[in-house]
Amino acid sequence: MIDNKKPILVTGSSGYIASWIVQYLLEDGHHVRATVRDKKNKKKIDHLEKIGTETKGKLELFEADLNLDGSFDEAIKGCELVIHTASPFVIGKVKNPLKDLIEPAENGTKNVLDGVNRSGGVKRVVLTSSVAAMYSDSIDVSQTPKGVFNEECWNTKSNLKHNPYSYSKTLAEKKAWEIHNQQNEWDLITINPSFVLGPSLSERIDGASVDFMRSLVNGKLATGVPKTEMGIVDVRDVAKAHIKAGLNPSAKGRHILAARSISILEIAKILKENFENKYRIPKKEVPKFVFYILGPIIAGLTWEWVSKNIGYEIKFDNSKSIKELGINYTDTKETLVSHIEQLEKSNLIFNK
Ligand code: NDP
């Protein structure tokens with residue numbers, strides 16, 4: 001049992017998902033230690049400080065970097081629950097996958113968990129992993145025993161060149177289980193969200209989720225989208241799942257979070273129904289062969305990615321998240337519409 005009075009650490013708390021975790025914890029009156037890379041970066045932390053003044057819990061900000069050994073130690077001291085969300089989330093072309101993705105994800109996780117071991121008081125770690133640690137490409141679903149991704153699945157196909165972000169999440173989660181298995185002081189729960197959408201608490205537009213939603217309405221994808229499917233889940237459900245995983249004594253192991261599978265065109269249709277002719281929302285799917293020709297030039301997509309991800313349906317088994325964490329998935333329309341409304345309210349649809 002976690003002592004509710006002790007501080008709870010949330011790493012990467014200026015991020016899209018973590019900001020909601022911090023908000024819910026503070027609303028519930030918890031004492032939150034929130035790590036950020038730079039306390040002076042107002043754009044990244046203003047919203048956290050505001051939440052801190054408007055909620056009944058106590059917020060303390062700490063500076064910590066995944067690339068610096070021992071960086072999280074001070075913030076961890078005295079915590080029984082550590083929620084580790086910090087990790088670079090970049091899909092598409094990355095200049096140096098090793099430096100920009102793998103090292104901060106894998107070494108950063110080791111860095112946080114070494115700090116957890118040194119602290120001596122931590123009882124549970126909740127790690128934000130991803131379904132990207134469970135599969136590399138949509139085609140992989142055909143190799144699962146029941147044609148559905150579940151908590152038994154591991155991504156064995158990503159590497160530094162092919163889906164390096166997915167590779168970084170796989171290595172980070174594996175490292176976490178490896179370190180966990182060498183001790184008996186704390187248990188490890190992983191949350192493995194599919195693509196996370198829904199309103200952001202900050203006005204940042206540098207995150208992959210926010211960037212995707214903007215591209216559906218700002219005209220960037222107006223000529224058409226690939227016929228590809230993904231799992232999606234509301235950011236507020238993801239935040240609640242982390243807290244339930246942290247505080248529910250019977251939670252164990254990995255947890256897929258996916259409200260449903262959906263194609264990009266279906267997402268666009270829902271947006272079209274709700275925002276009429278206000279935006280240049282994609283209306284059609286572009287044939288696969290066009291992506292073979294133009295994908296590498298326009299969108300940085302490799303032939304391997306195109307061949308293994310366009311034209312396949314995928315499925316996720318979300319039953320464990322419902323049964324064990326009590327997740328009541330938000331309706332997709334609410335997720336998508338409220339995300340666009342938040343961007344509109346902050347005047348971020350077209351603005352850079
Ligand atoms: P964000 O980009 O908003 O958040 C990422 C966070 O990681 C930021 O707070 C960022 O800090 C921090 N971070 C990155 N590099 C470092 C570093 N070197 N040292 C310290 N902190 C660092 O993305 P999300 O909120 O979407 O992602 C949060 C987590 O959820 C990640 O682990 C991601 O892999 C995972 N995830 C996300 C999904 C999604 O669809 N959004 C789906 C599945 C998993 P800073 O604020 O300073 O930039």
Side-chain angles (χ1 to χ4, degrees), residues 9-23 34-48 61-72 75 83-91 94 99-112 115 126-135 149 155 158 163-173 175-176 190-213 230-239 241-242 254-259 316 321 335 339:
L9 178 71
V10 181
T11 71
S13 61
S14 45
Y16 172 55
I17 295 173
S19 295
W20 277 104
I21 300 175
V22 171
Q23 163 144 321
T35 75
V36 293
R37 268 192 280 194
D38 179 6
K39 280 210 275 189
K40 289 187 283 310
N41 189 330
K42 287 272 156 213
K43 215 174 163 187
K44 288 187 179 181
I45 66 153
D46 264 1
H47 68 287
L48 289 177
L61 289 178
F62 287 73
E63 273 183 5
D65 194 307
L66 293 168
N67 296 314
L68 299 175
D69 286 348
S71 190
F72 291 84
I83 302 178
H84 175 38
T85 84
S87 203
F89 181 29
V90 190
I91 27 185
V94 181
K99 282 254 156 310
D100 300 340
L101 288 172
I102 313 297
E103 286 180 2
E106 188 183 21
N107 299 349
T109 296
K110 179 177 182 309
N111 192 359
V112 170
V126 178
L127 171 75
T128 317
S129 184
S130 169
V131 292
M134 297 172 155
Y135 78 103
F149 293 120
N155 177 349
S158 296
N163 294 338
Y165 166 72
S166 302
Y167 189 45
S168 78
K169 295 304 286 179
T170 309
L171 294 178
E173 195 190 325
K175 180 60 73 185
T190 71
I191 299 296
N192 299 67
S194 51
F195 199 41
V196 182
L197 299 170
S200 173
L201 289 172
S202 77
E203 298 197 349
R204 287 176 71 171
I205 52 171
D206 56 342
S209 296
V210 176
D211 185 56
F212 171 76
M213 285 304 283
M230 57 192 160
I232 59 166
V233 55
D234 192 289
V235 66
R236 294 158 289 191
D237 297 341
V238 177
H242 280 79
R254 311 172 88 197
H255 302 80
I256 286 178
L257 289 189
F316 296 92
S321 65
T335 301
H339 199 160

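Remember, it's 1-based here, ligands and their atoms both numbered in the order they're listed.
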First locate atom [atom1] of [X], then atom [atom2] of [Y], and finally report the distance between them rounded to the nearest 0.5 Å.
{"X": "Ile191", "Y": "His242", "atom1": "CD1", "atom2": "NE2", "result": "5.5 Å"}
{"X": "Leu9", "Y": "Thr85", "atom1": "CG", "atom2": "OG1", "result": "9.5 Å"}
{"X": "Ser13", "Y": "Phe62", "atom1": "OG", "atom2": "CZ", "result": "11.0 Å"}
{"X": "Ser130", "Y": "Asn192", "atom1": "OG", "atom2": "CG", "result": "7.0 Å"}

How close does the nearest protein non-hydrogen atom get to [atom], and which residue and atom is it?
{"atom": "atom 40 (O) of ligand 1", "value": "Val196 N, 2.8 Å"}
{"atom": "atom 43 (C) of ligand 1", "value": "Pro193 O, 3.4 Å"}
{"atom": "atom 8 (C) of ligand 1", "value": "Gly15 CA, 3.9 Å"}
{"atom": "atom 46 (O) of ligand 1", "value": "Ser14 OG, 2.6 Å"}
{"atom": "atom 7 (O) of ligand 1", "value": "Ser87 N, 3.2 Å"}
{"atom": "atom 39 (C) of ligand 1", "value": "Phe89 CE2, 3.2 Å"}
{"atom": "atom 37 (C) of ligand 1", "value": "Ile17 CD1, 3.6 Å"}
{"atom": "atom 48 (O) of ligand 1", "value": "Arg37 NH2, 2.8 Å"}

Could you list which atoms of ligand 1 come closer than 4.0 Å to a heavy atom of [X]?
{"X": "Phe195", "result": "40 (O)"}
{"X": "Thr128", "result": "29 (C), 30 (O), 32 (O), 35 (C)"}
{"X": "Asp65", "result": "17 (C), 18 (N), 19 (N), 20 (C)"}
{"X": "Gly12", "result": "9 (O)"}
{"X": "Tyr165", "result": "33 (C), 34 (O), 35 (C), 36 (N), 44 (C)"}
{"X": "Asn67", "result": "18 (N)"}
{"X": "Ser130", "result": "43 (C), 44 (C)"}
{"X": "Thr85", "result": "28 (C), 29 (C), 31 (C), 32 (O)"}

With a 4.0 Å cut-off on heavy atoms, is [X] touching ligand 1?
{"X": "Ala64", "result": "yes"}
{"X": "Ser209", "result": "yes"}
{"X": "Ala172", "result": "no"}
{"X": "Gly108", "result": "no"}

| said: Please give me the minimum heavy-atom distance between Tyr165 and Ala132, naming the atom from each residue. | reply: CE2-CB, 4.2 Å
| remark: In short, Phe316 meets Ile256 closest at the heavy-atom pair CB-CG2, 4.1 Å
Where's the contact between [X] and ligand 1, heavy-atom distance under 4.0 Å: side chain, backbone, both or neither?
{"X": "Ser129", "value": "backbone"}
{"X": "Ser194", "value": "backbone"}
{"X": "Tyr16", "value": "both"}

| Looking at side-chain heavy atoms only, is the closest gap between Leu101 and Val90 below 4.5 Å? |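 In short, these two side chains touch, coming nearer than 4.5 Å.
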| message | Using side-chain heavy atoms (C-beta onward) and a distance below 4.5 Å, is Thr35 in contact with Glu63? | response | no
| field | Option whose closest heavy atom lies nearest to atom 12 (C) of ligand 1, chosen from Ala86, Gly231, Ser19, Ala18 | value | Ala86
| query | Under the salt bridge (charged side-chain N to carboxylate O under 4.0 Å, His left out) criterion, do Arg254 and Glu173 qualify, and how do the steps go? | reply | CA-CA 10 Å; Arg254 311 172 88 197; Glu173 195 190 325; 2.7 Å; yes
